[in-house]
Amino acid sequence: MKGGSFFVIGGLFMDRYDFDVVESKWQERWEKSGIYQVVETPEKPKFYCLEMFPYPSGDLHMGHVRNYTMGDVVARFKRMKGFNVLHPMGWDAFGMPAENAAIKRGIHPAEWTWNNIANMRRQLKRLGLSYDWDREVATCDPRYYRWTQWLFLLMYHRGLAYKKRAIVNWCPSCKTVLANEQVIEGECWRCHSTVTKTELDQWFLRITAYADRLLEDLKLLKGWPEQVRIMQENWIGRSEGVEFLFGVKGSDKKFAVFTTRQDTIFGVTFVVLAPDHPLVKEITAGTPYEAKVAEFAEKCRLMPEIVRTSAERDKDGIFTGAYAVNPMNGEEIPIWVADYVLMEYGTGAVMGVPAHDQRDFEFARKYGLPIKVVIQAPDGSLDAGTMKEAYPGEGYMVNSGQFDGLSVENGKAAIAQYAEEHGLGSRKVNYRLRDWLISRQRYWGAPIPIVYCDKCGVVPVPERSLPVLLPETVSFEPGQISPLGSCKQFVETTCPKCGGSARRETDTMDTFICSSWYYYRYCSPHDTELPFSRAAVDYWMAVDQYIGGIEHAVLHLLYSRFFTKVLHDAGLTKEVEPFTNLLTQGMVLKDGAVMSKSKGNIVAPDDIISRYGADATRVFILFAAPPEKELEWSDTGIEGASRFLNRTWRIVTAIAGLKGSREAAFERNGQRSAEDTELNRSLNATIQKVTNDVEGRFNFNTAIAAMMEFVNQLYAYMEKVPADKRNPGLLLECAEKLLLMLAPFAPHMTEELWSQLGHEDSIHLQTWPVFDQKALQRETSIIVIQIDGKVRDRIEVQAGLSGEELERAALSAERVKKWLGNRQIARIISIPDKLVSIATRP
RNA sequence: GCGGGUGUGGCGGAAUUGGCAGACGCGCAGGACUUAGGAUCCUGUGGGUUACCGCCCGUGAGGGUUCAAAUCCCUCCGCCCGCACCA
């Protein structure tokens, strides 16, 4: 038979299928029939499949396509597996770009945002994603941000939202403050400008009150990548130690010093205060040191954070003229001020133990301060006079009075206990995590629902008065105050308490607040009584599978965990963690670099879909790399995906055209040729592999590879078996089960072929195929024979032979005899149905 | 510096429990069909060698454990990511 002839169907040669027609046809039908809409169905197991919702920047990029295609495959697969699947989509719609567009082009942020949403919704629908669009949310919609404000008030009433004057991160380009998490290597996470410091009255959320639980519950997140858990652990930065109270010589002033190395307290030869430590001014006031120290502190204040906290930089410091008293031994030691000590961490004061801390060592060397060994190395080699670097390791205590001889670990416990018993200090836990600064001096965000009254002070807006609406007409030009501040009608209000005149808070909330609870809103998106209905949330939460970029490892994922815990404590929800399983997908690259306008290497989803169709785009983006890895976009690679779909189309339409195939399907147990048996085995092996790859480990790439292989097998069968010897019933079964497996990946083409095979119901409402264990069994196995570790022969034997039988068969093989020659057999290992390994000696 | 990841053909990648390295795809080469092919179908494709039966080498480098190592252990190198004076 000549290649290609079995594709002639009804006289027509079907070369390629028309994806444009097929895809839009089914998208319309799915929308009309609402097949992806879900309601709570207690008798069915639920599955909440969620992808991080996008910022509506205007156009979908390939990273979105990858993220949402993965989620869609999981959602469709779980549906076919019998789950009631919640798979929603929405918009993280507040944020700076909308405001910048308004300033630049005179479009209102709302208009710009809603236009972008409309375009991106169109693009998502074009990809054939199975969302329940009835549940769509947009965080900039008053029906949504009303509840964001409600949740702020919940925090406020629980003592978790507070306002304080603080030194904060300021982005001069965005003209707003930033939370610590949003400063990446000294730069603004969004625009990469260098962040400066400024002092402002700002709103904070007390996330530090949850530091321990956020850390502790990371243990529950077994379905998260270890990397993300470690990043959160590092960010929270828990450390245990002792806070000592040091006295100031010649006064009754005291100051606290935090250390994790209380065992080295006898080695303190100086103490260092942060330049902005309040004690600095007190101890230098009226002394000859005052002016110089103040000048030094000012220099530090002006230094950009990134420079000041760089570990490589030489440490600068200055003596204050004052002396501190070591609470443990009464020693008097000089008080210095240095740039390497940060007011934000611990107590803003550090005890200098140069012998056992590298930073202190460098500082002591630079300024000629004494070095005193108090932990001797096990080999007794440490000598203060000859040390080249600090010794932070294990050893035993020396020069420490009654504590001499203790190990580091025992010394830590003993000193801590002694300090507590004698009122010299107390055990303390410190965190690197800071409270979450949430005020933003911008317009396009949810207004903070707070009113300032001269008589009543800070007054929360009552729940019944929510939402505090954004005024429509304001000047968006950023300045030192929020744009809302320039809007009189907004600012001027009456006090909810006393009815007198009052002013509204003019800052808006960090958009990360809006995205910290959206997954709850999806559960009951139209609720007008509460942010979400308890019954709906109890049914759907937690999210069973969350998919998104690793860039949110600390930001969004930490904030959301915090919100979930607060909601739980408030009795609004039952779960303590929002996302049971997390998949962090890798980035999409082009020519080895991230796609960006400036590099000019952007591949636009719309262009690709127009040229190859949504199904081919989906298949390629899943096939090109495993989900967590970076994916290199390839223009020829997508051709391959397109070829595979067309190849599938042709073979399935050919099978559909086989005369009497449907009738023949009832004769499944009739005669089988060897080729039939092998094809059937191949079908079941493919079902097993695809199921396992999708369900167990999200390896969509190998699942697609397995289906490609199976399609190749179908072609080989057609090539090998003459038309009159083919088994139409088996071929039909192969075609149908292949389509079912491919349906989550290529939903349009499979739906079309499914209907062409005569089915009335959507393929997406079918049950996932099950493989037949019996069909997998072979009558014979190929056994590999190794001699001294090298493969020397393969023999075909009856399946299931015992080790002994295998050995006998192996040793009687001609090639084996030849290779063995007259060498002696030292050992034989046989693994049934796999291999025989023979070790020899001369 | 600390923590994590990773290194496999010309390229993307596979090998799930230590058991035939390179599945699948791209690219390339040859053939078939064809007025034509950038469509489609078939064949080949890690390197070396060769009477195309094989044989030798081969998973960043070196060493080790084992009948057997991409996989486990040790030393080193490259790249990527996170944290980075955190007391």
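By convention in this document, chain letters (A, B, ...) are assigned in the order of the sequence lines, proteins followed by strands, and residues within each chain are numbered from 1.
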Partner of B/rU40 under the Watson-Crick or G-U wobble criteria, both distances under 3.5 Å, comes out as B/rA32
Nearest to the side chain of A/R16, heavy atoms from C-beta on, is which of B/rC41, B/rA87, B/rA39?
B/rA39
Hey, does the side-chain of A/S837 have a donor or acceptor N/O within less than 3.5 Å of a partner on the base of B/rC67?
yes
When the P atoms of B/rA39 and B/rG27 are considered, how many whole Å apart are they?
9 Å
Starting at atom CD1 of A/I621, determine the distance to atom C1' of B/rG13, rounded to an integer number of angstrom.
16 Å
For nucleotides B/rA70 and B/rC53, find the distance between their C1' atoms and express it as a whole number of Å.
29 Å
Which residue lies more 5' along RNA chain B, comparing A/F623 with A/S239 via nearest heavy atoms
A/F623
Over all strands shown, is A/R643 touching base, sugar-phosphate only, or nothing at heavy-atom distances under 4.0 angstrom?
sugar-phosphate
How far, in whole Å, is B/rA14 from B/rA29 if one measures between their C1' atoms?
24 Å
Would you indicate which nucleotide in B/rC41, B/rU16, B/rA84 comes nearest to any side-chain atom of A/R697?
B/rU16
Contact class for A/W633 vs. all strands (heavy atom < 4.0 Å): base, sugar-phosphate, or nothing?
nothing
Report which part of the nucleic acid A/K790 touches: base, sugar-phosphate, or nothing (heavy-atom distance under 4.0 Å, all strands).
sugar-phosphate
What nucleotide among B/rU40, B/rG3, B/rC24 has an atom nearest to a side-chain atom of A/E709?
B/rC24
Under-4.0 Å side-chain N/O to phosphate OP1/OP2 contact, A/R792 with B/rC20:
no
With a 3.5 angstrom cut-off on both distances, give the Watson-Crick or G-U wobble partner of B/rC83, or none if there isn't one.
B/rG1
From the candidates B/rA15, B/rC86, B/rG13, the one with an atom nearest any side-chain atom of A/N701 is B/rG13
Can you measure from CH2 (A/W819) to CZ (A/R792) and round to the nearest 0.5 angstrom?
3.5 Å
With sugar-phosphate meaning primed atoms plus P, OP1 and OP2, does A/R815 contact a base, only sugar-phosphate, or nothing at under 4.0 Å between heavy atoms?
sugar-phosphate
How far apart are the C-alpha atoms of A/W649 and A/Y17, what are their side-chain angles, what is the distance that settles it, and do they pass the ring pair (Phe, Tyr, Trp, His ring centres under 6.0 Å) test?
CA-CA 7 Å; A/W649 174 272; A/Y17 77 100; 5.0 Å; yes
Between B/rC41, B/rA23, B/rA87, which nucleotide has the shortest distance from any of its atoms to the side chain of A/A705?
B/rA23
Return the set of residues passing side-chain contact (heavy atoms from CB on, under 4.5 Å) with A/E678 (not counting sequence neighbours), or none when no residue passes.
A/R681, A/R778
B/rC41 and B/rU49, which share atom name P, separated by this distance in whole Å
35 Å
In whole Å, what separates the P atom of B/rC74 from that of B/rG4?
13 Å
So which nucleotide does B/rC55 pair with, by the Watson-Crick or G-U wobble rule with both distances under 3.5 Å?
B/rG48
Any strand counts, and the cut-off is 3.5 Å on both contacts for Watson-Crick or G-U wobble. Which nucleotide pairs with B/rG19?
B/rC67
Does A/T347 reach a base, just sugar-phosphate, or nothing at all? Heavy atoms under 4.0 Å.
nothing
If the P atom of B/rG60 is compared with that of B/rU71, how far apart are they to the nearest Å?
8 Å
If you check every side-chain atom of A/T259, which of B/rG27, B/rA87, B/rC20 has the closest atom?
B/rA87
Given that both distances must come in under 3.5 Å, which nucleotide forms a Watson-Crick or G-U wobble pair with B/rC76?
B/rG60
Rounded to whole angstrom, note down the C1' distance from B/rU6 over to B/rC28.
29 Å
Consider the side chain of A/Y345, meaning its heavy atoms from C-beta on, and name the nucleotide among B/rC86, B/rC81, B/rC41 that approaches it most closely.
B/rC86
Rounded distance in Å - NZ (A/K629) to P (B/rG12):
8 Å
I'd like to check the ring pair (Phe, Tyr, Trp, His ring centres under 6.0 Å) partners of A/F77; sequence neighbours left out, ordered by chain and number.
A/W768
Among B/rC24, B/rA87, B/rU16, the one nearest A/V350 by side-chain distance
B/rA87
For B/rG4, measure the glycosidic angle (O4'-C1'-N9-C4 for a purine, O4'-C1'-N1-C2 for a pyrimidine) and name it syn if it falls within 90° of 0, otherwise anti.
anti
Nearest-neighbour nucleotide for the A/V784 side chain, B/rC20, B/rU16, B/rC41 considered:
B/rC20
When the C1' atoms of B/rA15 and B/rG22 are considered, how many whole Å apart are they?
9 Å
Given B/rC20, B/rA87, B/rG4, identify the nucleotide with an atom nearest to the side chain of A/V791.
B/rC20
